[in-house]
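We name chains A, B, ... by the order of the sequence lines, and we start the count at 1 in each one. Basis for what follows: all heavy atoms, side chains included, without hydrogens, waters or symmetry-related copies. In this text, all values refer to a predicted model and were calculated from it rather than measured experimentally.
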There are 2 protein chains.
Amino acid sequence: MEITARSEYAIRALLMLAEAHSAGTDALPVATLAYRQELPAKFLEVIMGQLRRGGLVTSKRGASGGYRLAVSPRELKVGAVIRTVDGPLAGVRGIRPSDTAYSGPAAHLPVVWVAVRAALRRVLDEVSIDDILTGDFPPEVAQLAKDPEAWQDRWPLKAPVQD
Amino acid sequence: MEITARSEYAIRALLMLAEAHSAGTDALPVATLAYRQELPAKFLEVIMGQLRRGGLVTSKRGASGGYRLAVSPRELKVGAVIRTVDGPLAGVRGIRPSDTAYSGPAAHLPVVWVAVRAALRRVLDEVSIDDILTGDFPPEVAQLAKDPEAWQDRWPLKAPVQD
DNA sequence: TTGAAACCCGACAGAACCAGTCGGAATTAT
DNA sequence: ATAATTCCGACTGGTTCTGTCGGGTTTCAA
């Protein structure tokens with residue numbers, strides 16, 4: 001259950017574009033985006049290409065070119081960003097949760113996988129880029145993050161040795 | 001957001017042990033577990049070692065030895081299994097959600113990561129091995145899986161080409 | 001028209017991780 | 001004794017992740 005650097009960088013880039021969007025600024029070149037959030041420029045270039053092909057941003061080449069949002073920040077959901085650059089939100093050994101099947105005592109296991117995916121969706125497909133910009137999250141998500149325990153780490157039954 | 005083969009195999013093995021547990025059967029050797037659910041035997045052997053060191057199972061060596069549950073199936077949660085064999089449930093580029101920090105327009109991003117982890121916990125730390133065995137899930141999880149839409153795939157803004 | 005700014009693209013590379021195997025040592029019941 | 005079984009370290013082949021490199025192409029502006 002890892003958020004990749006790819007997805008993280010994509011979201012941070014889009015946040016900058018959303019900020020510029022509301023300020024009515026010109027297109028932002030990769031160099032600027034990379035500098036402002038300290039992201040590896042050439043890698044980000046690859047990622048921006050994915051976002052463009054996915055229709056999340058538009059690009060303009062040449063001098064004073066750069067990237068612009070193609071979708072309003074309010075309608076652009078984090079889940080869509082992740083799916084665009086990293087593929088499906090959830091998988092089990094590479095297959096979709098709803099395509100899993102087991103025999104015997106594991107027969108009901110797909111229910112768990114589907115519930116996991118559904119739980120992820122209820123966060124990632126609800127939160128928009130604009131929500132992150134303003135810090136004003138949908139009630140469902142705000143509720144989850146409000147609990148102080150959500151900010152604490154949890155350990156397995158036997159805690160690993162401290163070193 | 002991938003469930004690894006490791007975690008999946010661990011859960012399926014524990015489900016078999018839980019079944020035997022209620023039937024009061026003897027300890028189950030790896031060979032039997034691997035055969036019954038068609039898991040790679042030597043790999044499962046490694047995984048069972050992790051579960052033992054994590055305190056989820058006990059082992060007996062030698063003839064008519066094998067593995068037994070060390071925790072009652074009802075108290076053994078899926079989240080604990082995953083943490084034992086694969087480490088933390090959620091991470092962002094390898095760091096814990098609550099340890100992330102960003103500047104500028106990404107300042108509120110950690111709220112999203114923490115909410116993601118909390119959402120995962122609400123499923124994985126609620127569902128027990130016994131729940132999966134019986135197919136009788138906690139209301140929260142049952143609710144998520146009840147929705148037919150939860151069993152459907154979702155696509156990013158621009159659907160990928162079919163091939 | 002020239003040059004610089006920027007996107008665009010394919011190839012490559014190192015590192016890490018994942019899934020799984022191999023061979024054998026230690027332990028235990030019969 | 002012997003067979004069954006856990007236990008353990010080393011190893012491997014493949015894939016993915018995170019980038020980098022070098023150059024081609026488009027566009028603006030002077």
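Side-chain atoms of A:S59 lie closest to C:dC7 of the nucleotides D:dT20, C:dC7, D:dC7. Nearest nucleotide to the A:P40 side chain, out of C:dC9, D:dT20, C:dA29: D:dT20.
The CD-P distance, from A:Q50 to D:dG19, rounds to 14 Å in whole Å. In this structure, the NZ atom of B:K60 is 16 Å from the P atom of C:dT27, given to the nearest Å. When the P atom of D:dT18 is taken as reference, atom CD1 of B:I95 falls 12 Å away, rounded to whole Å. B:D26 has its CG atom 16 Å from the P atom of C:dT28, to the nearest Å. One interatomic measurement links the two molecules: CG of B:D86 to C1' of C:dA19, which rounds to 11 Å at whole-angstrom precision. Computed from coordinates, the A:E2 CD to C:dA16 C1' distance equals 13 Å when rounded to whole Å. The nearest whole Å value for the distance from the CG atom in A:L28 to the P atom in C:dA6 is 11 Å. Look at CD1 on B:I47: it is 10 Å from C1' on C:dG20, rounded to the nearest Å.
Checking the phosphate oxygens (OP1, OP2) of C:dG20, a side-chain nitrogen or oxygen of B:Y9 falls inside 4.0 Å.
Look at A:D131 and A:K77 and you find no salt bridge, because none of the NZ, NE, NH1 or NH2 atoms lies under 4.0 Å from a carboxylate O. Ion pairing of A:E8 with A:R12 is present here, as a side-chain N (NZ or NE/NH1/NH2) and a carboxylate O approach within less than 4.0 Å. Electrostatic pairing of B:R83 and B:D125 counts as a salt bridge here, judged by a charged N lying under 4.0 Å from a carboxylate O.
Judged by atom type and distance alone, A:E45 does not reach the base of C:dC7 through any side-chain donor-acceptor pair under 3.5 Å. Evaluation of atom-type donor-acceptor distances gives a pair under 3.5 Å for the side chain of B:R61 against the base of D:dT6.
Taking the nucleotide of DNA chain D with the nearest heavy atom to each of B:R53 and A:K42, the more 5' of the two is matched to B:R53. Mapped onto DNA chain D by nearest heavy atom, B:G49 and A:R6 fall at different nucleotides, with B:G49 at the one closer to the 5' end.
Counted within 6.0 Å of CZ on A:R96, heavy atoms from surrounding residues, nucleotides or ligands total more than 12; the atom is thus considered enclosed.
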* Before giving the answer on side-chain contact (heavy atoms from CB on, under 4.5 Å), spell out for A:L109 and A:T100 the whole-Å C-alpha distance, their side-chain angles and the decisive distance to 0.1 Å. => CA-CA 8 Å; A:L109 201 41; A:T100 57; over 6 Å; no
